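To start, the structure under review is shown below, and the notes come after it.
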Amino acid sequence: MIRRCRRRARPALRRDRTTTGRSRRRATPARAGPRADSWGPQEPSAHSIGKRKRRPIAGGTIGRGSRSPTGRSHGNTAIRSPPAALPFVCILRPRRRALEAIKQEIARALATLLNLRYGAAPDRIAVEYPPQPGMGDLASPVAFEMARRLKRAPRQIARELADSFPPLPGLVRVDVGGAGYLNFDLDRGAAARALAREIASPPPAAEERGKIIVEHTNINPNKAAHIGHLRNAVLGDTLSRCLRFFGHAVEVQNYIDDTGVQVADIVIGFREILKQGLAEAQAVAGKFDSFCWDLYARVTEMYEARPETRDRRASVLKHLEEREGADSGLAAYVARRIVNCHLDTMARIGVHYDLLPWESDILACRFWDTAFELLKKRRAIERVASGEREGCWVMALEGPRFADLKEGEKIIVRSNGTVTYVGKDIAYQLWKFGLLDADFRYEPFRAGPGSRQTWSSTKGPGVTPHPPFGGAARVYNVIDVRQAYLQAIVVEGLKALGHADQAARSTHFAYEMVALTPASAERLGVALSGEDRGRAYIEMSGRRGLGVKADDLLDALEKQARAEVRTRNPDLAPEEGDALARAISVGALRYLMVKFTRNKVLAFDFDEALSFEGETGPYLQYAVVRAGGIFEKMAKAGGPDVKIAAEWALEAAFDLPPGEAAEEHWALLTQIARVRETVAQAVETLELSQIAKYAFNLAQRFNSFYHKYPVMQEQDPRWKQARVVLTHLFLGQMRHAFQLMGIPEPAMM
RNA sequence: GCGCCUGUAGCUCAGGGGACAGAGCAACGGCCUUCUAAGCCGUGGGUCAGGGGUUCGAAUCCCUUCAGGCGCGCCA
């Protein structure tokens, strides 16, 4: 069984990518390694919170308009389930911040005014941030909407609204701009101090809510992880961190398909190609996942050259499922050792898992048998009495989404009595929601990054007590978009069993695959046809051994980073340089993996990936390191240190400078203030790239700001104070963003 | 065939009813005795795939055409 990993090597067309060049020199005095305190989520682990009684989270379609976050159509959900967009949005909404509060008050005042004056008001009154300075601090296009209803000129309506707008605290002026915008000017000094206080205050305490399970990574344990798996893991890990940021209890699961064909293929490779068994496998030195990567490609070649060898699969698979014989022992060894390799790889980039559910344990714990009984009892599946599919158990599926299904039904149990992939996944999904009358036994597997424990299901007696696993109120499955169809069937299965609520709270977090640019493929030694060379990307293929291994990419990034560090700090101790290089390479990799919208194929280009300039992780790290450097330098000079800056921010002890500078100070501050808002929106739409874009834009604005307005050198204590506060707030919010994206903060660069 | 996704600057991508369409890279020109040049500032570069429509207003919504990708199995 191939679980969640697709095979096939069909090249696909896309546009070219350009290459990038570089050069740099420069040396600075040596300092320390990366800071340890800025790494990983500080929020409580799922285990400490997960015990609480389950409370349903209202759910439903989230995302923009009618588009579901999975990108799949819900042709008939509008009829079957209530349009429950609001509740989930509400649980994520951050507590009102100062600017948000003012926006709300303006909207409320507008609604009252409109009703009073015109006897009507739109349901939702937009109050937004104007795109340019000189258009007010806040703006509303409500007059345009009213123009339609009243059949009058928008500018005229805006004028009337502006003239009769009631006084509000913090608001100093209302005016008309453009073709009919209402522009609001705030008392910036007051608003800035309120904002600063809020940003500097500790985040609101986590509210008690149901547990959320995030399933991601799910790499078949028969080869090394490649860059496609990195995209999955980084997205899944970032999502988990964001959910924790809002106080949710999150349980991360990494499903291990240890009984599938892919593992069987490696067993056959050992037997048929290497003529080896368990003892020799155990004796393989070095990176076992990399060893199997090559072996897997050889097995594929063997199947092509000697098709009869493929026949061994059936018997090996049978042995794996029954856990009998030498093949089974070899497979178990292979899978476990490779899973450890995968965890090593993911630990490098700070990805942690709470639980590894093994498919063999799902079989051993009879999850499917239990689910099968449920499905039969609820008549969610029916046995086919005659015809081509006689003896199969099928699930009826309707709607345009399933229009192409043969007979309008999906086979869940084959005529030979074995269960399909979808069937097993329905059982697994039921378990995640606590709807299955079955459970695993558990044991500790190993410690993850930050010494957090990773647990595993087990065939042994298990260990008690163990953290409570499963029983979630909401589930996200991070699986690439090519499995959207199957994920939709799993959700239909929940509905068919009468679990409409859980179906609405099952989210397929779909994202596009990672492919190679033709240039990258050729760099890996792949011979391309002229046609292939014209394509924008070449799909990777684990079976053919075509792809960039995750560890290889990380190694290349580290090497590159080490070289950059060395040219800048020739006197740095090697181990310190290595630590910096690691932090920088992880930052580069993780930023690269979240910066793109999830529904775009990521065409991997070596030069682009290895670039540390422009919109990259190191750019963000550099901005943060330099901001931190300002405080280090000020502390040494006896100037205000971090502690004093924090006090100033909290006590709102600063003023904005006058004139043109005010605009830039204000713009930076309001942008700093939008972390929570941005993250909330990113989670609602599952568009995590928004966080990356936000952090990049903020870093850009800060870089530009402190270049123009030096902090230390400022002579006027009032303006210096404002800059110190802004720098402090910038650092604090960027560190939040780093933590969410898993980007480490190097001690120096 | 049916379903889903994509098409925006030379390249890679943001923006998904609202003010003159943005960024990075690439190109060109400036800035290192002044908090780190992995940086900053500036210049050039666009028929938002084409065509209809809705709207005070469309890159954005609807229809349609074109181009490309993915999916549709008693595989996983």
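Just so we're on the same page: letters track the sequence lines, and every chain starts at 1. If you're wondering where the values come from, they're calculated on a predicted model, not measured in any experiment.
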Going by the salt bridge (charged side-chain N to carboxylate O under 4.0 Å, His left out) test, which pairs reach into residues 387-397 of chain A, not counting sequence neighbours?
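Listed by first then second residue: Arg389(A)-Glu409(A).
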In whole Å, I'd like the distance from the [atom1] atom of [X] to the [atom2] atom of [N].
X         : N      : atom1 : atom2 : answer
Glu539(A) : C5(B)  : CD    : C1'   : 15 Å
Met513(A) : G71(B) : CE    : P     : 8 Å
Asn697(A) : G22(B) : CG    : P     : 13 Å
His707(A) : G39(B) : NE2   : P     : 12 Å
Tyr537(A) : U6(B)  : OH    : C1'   : 9 Å
Asn703(A) : C31(B) : CG    : P     : 20 Å
Asn416(A) : G73(B) : CG    : P     : 18 Å
Lys693(A) : G16(B) : NZ    : P     : 13 Å

Base, sugar-phosphate alone, or nothing: which one does [X] contact when heavy atoms must sit under 4.0 Å apart?
X         : result
Phe696(A) : sugar-phosphate
Gln700(A) : sugar-phosphate
Asp265(A) : nothing
Ser689(A) : nothing
Pro710(A) : base
Ala623(A) : nothing
Glu512(A) : nothing

Look through every strand shown and name the nucleotide pairing with [N] as Watson-Crick or G-U wobble, where both distances are under 3.5 Å.
N      : answer
U12(B) : A23(B)
C72(B) : G1(B)
C66(B) : G7(B)
C31(B) : G39(B)
U55(B) : none
G17(B) : none

Could you tell me how far [M] sits from [N] if I compare only their [atom1] atoms? Round to whole Å.
N      : M      : atom1 : value
G52(B) : A58(B) : C1'   : 14 Å
A37(B) : G69(B) : P     : 47 Å
U8(B)  : U60(B) : C1'   : 11 Å
G45(B) : A21(B) : P     : 14 Å
G15(B) : A9(B)  : C1'   : 14 Å

Given [options], identify the nucleotide with an atom nearest to the side chain of [X].
X         : options                : answer
Glu615(A) : C40(B), G24(B), A38(B) : G24(B)
Arg148(A) : C70(B), G69(B), C56(B) : C56(B)
Glu613(A) : G39(B), A19(B), C40(B) : G39(B)
Tyr485(A) : C40(B), C72(B), A38(B) : C72(B)
Arg389(A) : A19(B), A37(B), C74(B) : C74(B)
Phe596(A) : C13(B), G73(B), C70(B) : C13(B)
Ile584(A) : A38(B), C56(B), C40(B) : A38(B)
Phe612(A) : A19(B), A38(B), C13(B) : A38(B)
Glu608(A) : C74(B), U34(B), U12(B) : U12(B)
Met135(A) : C40(B), A23(B), C20(B) : C20(B)

Hey, which sits more toward the 5' end of RNA chain B by its nearest nucleotide, Phe144(A) or Val565(A)?
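Counting from the 5' end, the first nearest nucleotide belongs to Phe144(A).
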Of Cys392(A) and Pro618(A), the one whose closest RNA chain B nucleotide lies more 5'
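Looking at the nearest nucleotide for each, Pro618(A) comes out on the 5' side.
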Report yes or no: do Tyr255(A) and Glu359(A) form a side-chain donor-acceptor pair below 3.5 Å?
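Yes, side-chain donor-acceptor contact under 3.5 Å.
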Exercise: do Asn477(A) and Gln429(A) side chains pair donor with acceptor under 3.5 Å:
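Gln429(A) and Asn477(A) do have a side-chain donor-acceptor pair below 3.5 Å.
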Which atom pairs, donor and acceptor, lie under 3.5 Å between side-chain atoms of residues 691-699 of chain A and protein residues at least two apart or in another chain?
{"from": "Lys693(A)", "atom 1": "NZ", "to": "Glu615(A)", "atom 2": "OE1", "distance (Å)": "3.4"}
{"from": "Lys693(A)", "atom 1": "NZ", "to": "Glu615(A)", "atom 2": "OE2", "distance (Å)": "3.1"}
{"from": "Tyr694(A)", "atom 1": "OH", "to": "Gln671(A)", "atom 2": "O", "distance (Å)": "2.5"}
{"from": "Tyr694(A)", "atom 1": "OH", "to": "Ile672(A)", "atom 2": "O", "distance (Å)": "3.2"}
{"from": "Tyr694(A)", "atom 1": "OH", "to": "Val675(A)", "atom 2": "N", "distance (Å)": "3.4"}
{"from": "Asn697(A)", "atom 1": "ND2", "to": "Lys693(A)", "atom 2": "O", "distance (Å)": "3.1"}

According to the interplanar angle, ranging from 0 to 90°, do the rings of Trp393(A) and Phe372(A) count as parallel (below 30°), tilted (30 to 60°) or perpendicular (above 60°)?
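Aromatic pair Trp393(A)/Phe372(A) classed perpendicular.
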Ignoring hydrogens and geometry, is there a side-chain-to-backbone donor-acceptor pair from Ser140(A) to Ala126(A) under 3.5 Å?
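Indeed, once roles are kept as given, a pair shorter than 3.5 Å links the two residues.
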Ring-face cation contact, Tyr118(A) with Arg152(A), 6.0 Å cut, 45° max:
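Ring-cation test returns no.
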Ignoring hydrogens and geometry beyond distance, is the side chain of Ser415(A) in donor-acceptor contact with the base of C74(B) at under 3.5 Å?
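When only heavy-atom distances are counted, Ser415(A) does reach the base of C74(B) through a donor-acceptor pair under 3.5 Å.
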Salt bridge check: are Glu321(A) and Lys424(A) linked by an N-O gap of less than 4.0 Å?
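No, this pair does not count.
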Does Lys633(A) pair with Asp641(A) as a salt bridge, N-O distance under 4.0 Å?
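No, no charged N to carboxylate O under 4.0 Å.
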Can you tell me if Ser611(A) touches the phosphate of G24(B), counting only side-chain N or O atoms and a distance under 4.0 Å to OP1 or OP2?
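Looking at the OP1 and OP2 atoms of G24(B), neither is under 4.0 Å from any side-chain N or O of Ser611(A).
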Quick one: is Tyr619(A) getting a side-chain N or O under 4.0 Å of the C40(B) phosphate, OP1 or OP2?
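Yes, Tyr619(A) has a side-chain N/O under 4.0 Å of OP1/OP2 on C40(B).
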